[in-house]
Undergrad: 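Would you mind keeping the following structure in view while I ask a few things?
We name chains A, B, ... by the order of the sequence lines, and we start the count at 1 in each one. Below, each value reflects all heavy atoms present in this structure, side chains not excepted, and no hydrogens, waters or symmetry copies.
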Amino acid sequence: MSDLLDELNSEQRAVAEQTEGPLLVLAGAGSGKTRAITYRIAHLIMTRHVAPWSILAVTFTNKAADQMRERVARLLADRRAQSSDSPSGEAEIQGAGVDGRAKPQISTFHSLSVRLLRREIEALGYGRDFAIYDEDDQTRLLKACLTDLGLSDKLFTPRQALSRISYAKNQGIGPEEMYEKARDPDTEALASIFGRYRDRLRAANALDFDDLLLKIVELFDKSPELAESYSRRFRYIHVDEYQDTNRVQYRLIRQLTRAHHNICAVGDEDQSIYSWRGASIENILRFEEDFREAKVLRLERNYRSTQVILDGASAVVSNNRARKGKKLWTERRSGRSIGVYQAGTAEGEAEFIAGEVSAALQADGYASVGVLYRTNAQSRLLEEAMRARRIGYRLVGGFSFYARAEIRDALAYARLAFNLRDTAAFLRIINTPPRGIGETTVAQIQALARENRLTLWEALEEMLTRAKEAPLRAARSLANFHTLIRTLAEEGKSLRMAEFFRSLLDRTGYLAMFRDQNTPEAEGRVENLLELVNAVAAAEEAGEGLTAFLDRAALVSDTDDYDERARVTLMTLHSAKGLEFDSVFLAGLEEGLLPHKMSMDDDAGLEEERRLCYVGMTRAKDRLVLTSSATRRFWGEEGRRNTRRSRFLGEIPDRFTERLSSSGRAETNWQGAFNSRESIEQLLRTTGFGSRLQAGRTSTPPGSGSKWRRGNRVRHPKYGIGTVIACEGEGEQEKLTISFPGYGAKKMLPHFAALEKA
DNA sequence: CAATATCGGGTTTTT
DNA sequence: CCCGATATTG
């Protein structure tokens, strides 16, 4: 039998073969951990003949889950095709059906929980048609709670309150406990807000994101038999990004492994960047105590980056104390030094990056480029610079499709039709489009609901009944709205999904509202809505029901629409985890930005910032450039503020870096000190003269045609002057062998090596 | 009740 | 600077 695992290195292979008992895999950046897991799953199915449905893999993002699912499917398909004597035989033995139960369960924590809860939640007194509240819904609800309690939003902004509530929830703390532990009146107030928030969520038969995990854990606590039965079903459990699990997720994992200890946790303590969301690095550090018979394996060979990038990144992260420590290595010895550039202004920084990106794209038509930054606010300047150079880019973060108002409105109609208790959906669309139900009327409904402990929908019906005796101005509008939603609820049951949505958009007058506006913006919204119908139709074709579709829409996140084909991607460091690019530009390496000022006061915070920097650096395969600006304007401030270079830059030894000039070329260290525009600018600045030198520079597209000949004298940023002794290949593949006095012969790609004729 | 004008406050990271 | 929340007008 041809061995599947021959395609792995020996460390990865060990991971795949260690199928029984607890296993902790410490996998460095770029060490092929996804590969190890996917092969492990395939190995379990193909070689160990484990039933696919008894395998579970949990990830944090939909993107990671999709990718893993795809890769496993491909592995299985390839192998089945290969065992040609029984092309269908094996599949049948595995019980491959169309119901999906024959596939391994690969999903995010959140979608796994939703799946289980849709089946089991009645045991907790919720209806199975529960709604999922996203941040938008949560904020509305929280504001309503503040009003209920007669509190102004001065004390806490809804956002602040929510984030503290969320943190508490993830620590497993409820309102009562928060109240008892409160040491100050603010926290006491927060506890009462929390309590009200919880009650109103429940009354709306709704769960917020945190509840999705919390409730399943609660359910398993309440019914150990149920936990036991799920644990027996999922006999082989994999957890990706284990370092990012929080307490609730940890408890869920413990519950699911109670019938066995077959857990394979994969993580990297150096990439733990979600402690602010309750993730605890402790989970990975104490794995061996939790599971006594645990085996620990390390993946330390890196397949992604060049040695110099790895060295630079390791140098930074090695300043952290809380880590198990590991040594990453690669066979990609040669590579261009890490570029370091300091611009005078943030605009200049963005222009520099855009220029470099453009050059990289010209040099290699297939190159992928990641432009990474700490805060979303930084994206604006970068976007502008990209547009100025007509570089196509994709922005991750910001507003995803399902976060757009028009899409959320349309979904709210569907949600309300499906679950009449859904308060957030009700409030969202009761007067969208305007149908004569104004603020005052809505307030009346809410008051009625509150007094009589009714849902908004029931309160609405009650008002209609009363209106028969005492006339009510908005009665007609309310009755129309009532009929509308009733009709939709009916249609939701009888019509096919795509039809239902088309009818919904039509009956509500929602689509017509935009069509009438006749503005380009409204046109875009119409298009989005039609796109939504397409998405619904596609889901229907894939056999997905309305609930499943709405669930998925609720759980999509910004990083999910990351498109592998986009060549240039702009995103935050957090979103970049798990991705890789040929070239990476890391912007804003300044004190206060990276490390961010909100987390640089204590050691734990600072270490997390350092890990963030590490994550960013290790996304790069061939080229890494770190940029900063000497001044920066903070949200519309009049003047610019002077910045200080990030301490992380100082943690990278000079031998791994090269200072870049504004043309993108490496500055020769001593000679060129004051002969570039950039350094003159710098001089003027430091001597107190404002520089008016503006960026009218022309970026020199590198390496067009073969300009290298044997015998050429060349200058290399790191090795100095050398002589070309051999040329091979052409274009991007062109490879030179160069002899440098004192370093010997080096092979290098001029495209990456920033060679200059000397 | 809806549409437009003005004001004030806010940015760390997100499933 | 950009957004949403409020005040004012039609």
Undergrad: Under 4.0 Å: is that the gap between some side-chain N or O of A/Thr572 and OP1 or OP2 of B/dT14?
TA: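 A/Thr572 to B/dT14 OP1/OP2: side-chain N or O found under 4.0 Å.
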Undergrad: Check the side chains of A/Thr432 and A/Asp409 for a donor-acceptor pair under 3.5 angstrom, ignoring hydrogens and angles.
TA: no
Undergrad: On the nucleotide B/dT12, are OP1 or OP2 found under 4.0 Å from the side-chain N or O atoms that A/Asn376 carries?
TA: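 No, A/Asn376 has no side-chain N/O under 4.0 Å of OP1/OP2 on B/dT12.
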Undergrad: Can you tell me if the side-chain N/O atoms of A/Arg374 get under 4.0 Å from OP1 or OP2 in B/dT11?
TA: no
Undergrad: Do we see a donor-acceptor contact under 3.5 Å between the side chains of A/Asn320 and A/Asp270?
TA: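 Judged by distance alone, the side chains do not pair up.
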Undergrad: Measure distances between side-chain N and O atoms of A/Arg277 and base N and O atoms of B/dT13, and say whether any donor-acceptor pair falls under 3.5 Å.
TA: no
Undergrad: Side chains of A/Glu406 and A/Tyr510: do they bring a donor and an acceptor to under 3.5 Å?
TA: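 A/Glu406 vs A/Tyr510: no donor-acceptor pair found between side chains.
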Undergrad: Would you tell me if any nitrogen or oxygen in the side chain of A/Lys143 comes within less than 4.0 Å of OP1 or OP2 on C/dA5?
TA: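 It does, given that an N or O in the side chain of A/Lys143 lies less than 4.0 Å from OP1 or OP2 of C/dA5.
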Undergrad: Look at the side chain of A/His596 and the base of B/dT12, then say whether one donor and one acceptor between them are separated by less than 3.5 Å.
TA: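 Absent.
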Undergrad: Return yes if a side-chain donor-acceptor contact under 3.5 Å exists between A/Asp244 and A/Gln271, otherwise no.
TA: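 No pair is found: no donor N or O on one side chain lies under 3.5 Å from an acceptor on the other.
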Undergrad: For the base of B/dT13 and the side-chain ring of A/Tyr274, does the geometry meet a stacking cutoff of under 5.5 Å between centres and under 30° between planes?
TA: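 No, A/Tyr274 does not stack on the base of B/dT13, since the centre distance and plane angle fail the 5.5 Å and 30° test.
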Undergrad: Within the sub-3.5 Å range, which N or O atoms of nucleotides 2-8 of chain B have a protein N or O partner, and how far apart are they?
TA:
{"from": "B/dA2", "atom 1": "OP1", "to": "A/Gly436", "atom 2": "N", "distance (Å)": "3.3"}
{"from": "B/dA2", "atom 1": "OP2", "to": "A/Asn431", "atom 2": "ND2", "distance (Å)": "3.1"}

Undergrad: Taking CD1 from A/Ile273 and P from B/dT15, how many angstroms apart are they, rounded to a whole number?
TA: 11 Å
Undergrad: Could you pick out which residue, A/Thr441 or A/Ser599, lies toward the 5' side of DNA chain B when each is mapped onto its nearest nucleotide?
TA: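 Counting from the 5' end, the first nearest nucleotide belongs to A/Thr441.
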Undergrad: Is A/Arg428 close enough and on-axis enough to A/Tyr413, meaning under 6.0 Å and within 45°, for cation-pi?
TA: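 Relative to the ring axis of A/Tyr413, which defines the angle, A/Arg428 lies outside at least one limit.
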Undergrad: Less than 4.0 angstrom between a side-chain N/O of A/Ser111 and OP1 or OP2 of B/dT15, yes or no?
TA: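 Negative; the distance criterion is not met.
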Undergrad: What nucleotide among B/dT11, B/dT13, B/dC1 has an atom nearest to a side-chain atom of A/Ala377?
TA: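 Closest nucleotide to the A/Ala377 side chain: B/dT11.
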Undergrad: Does either side chain, that of A/Tyr250 or that of A/Arg254, offer a donor lying less than 3.5 Å from an acceptor on the other one?
TA: yes
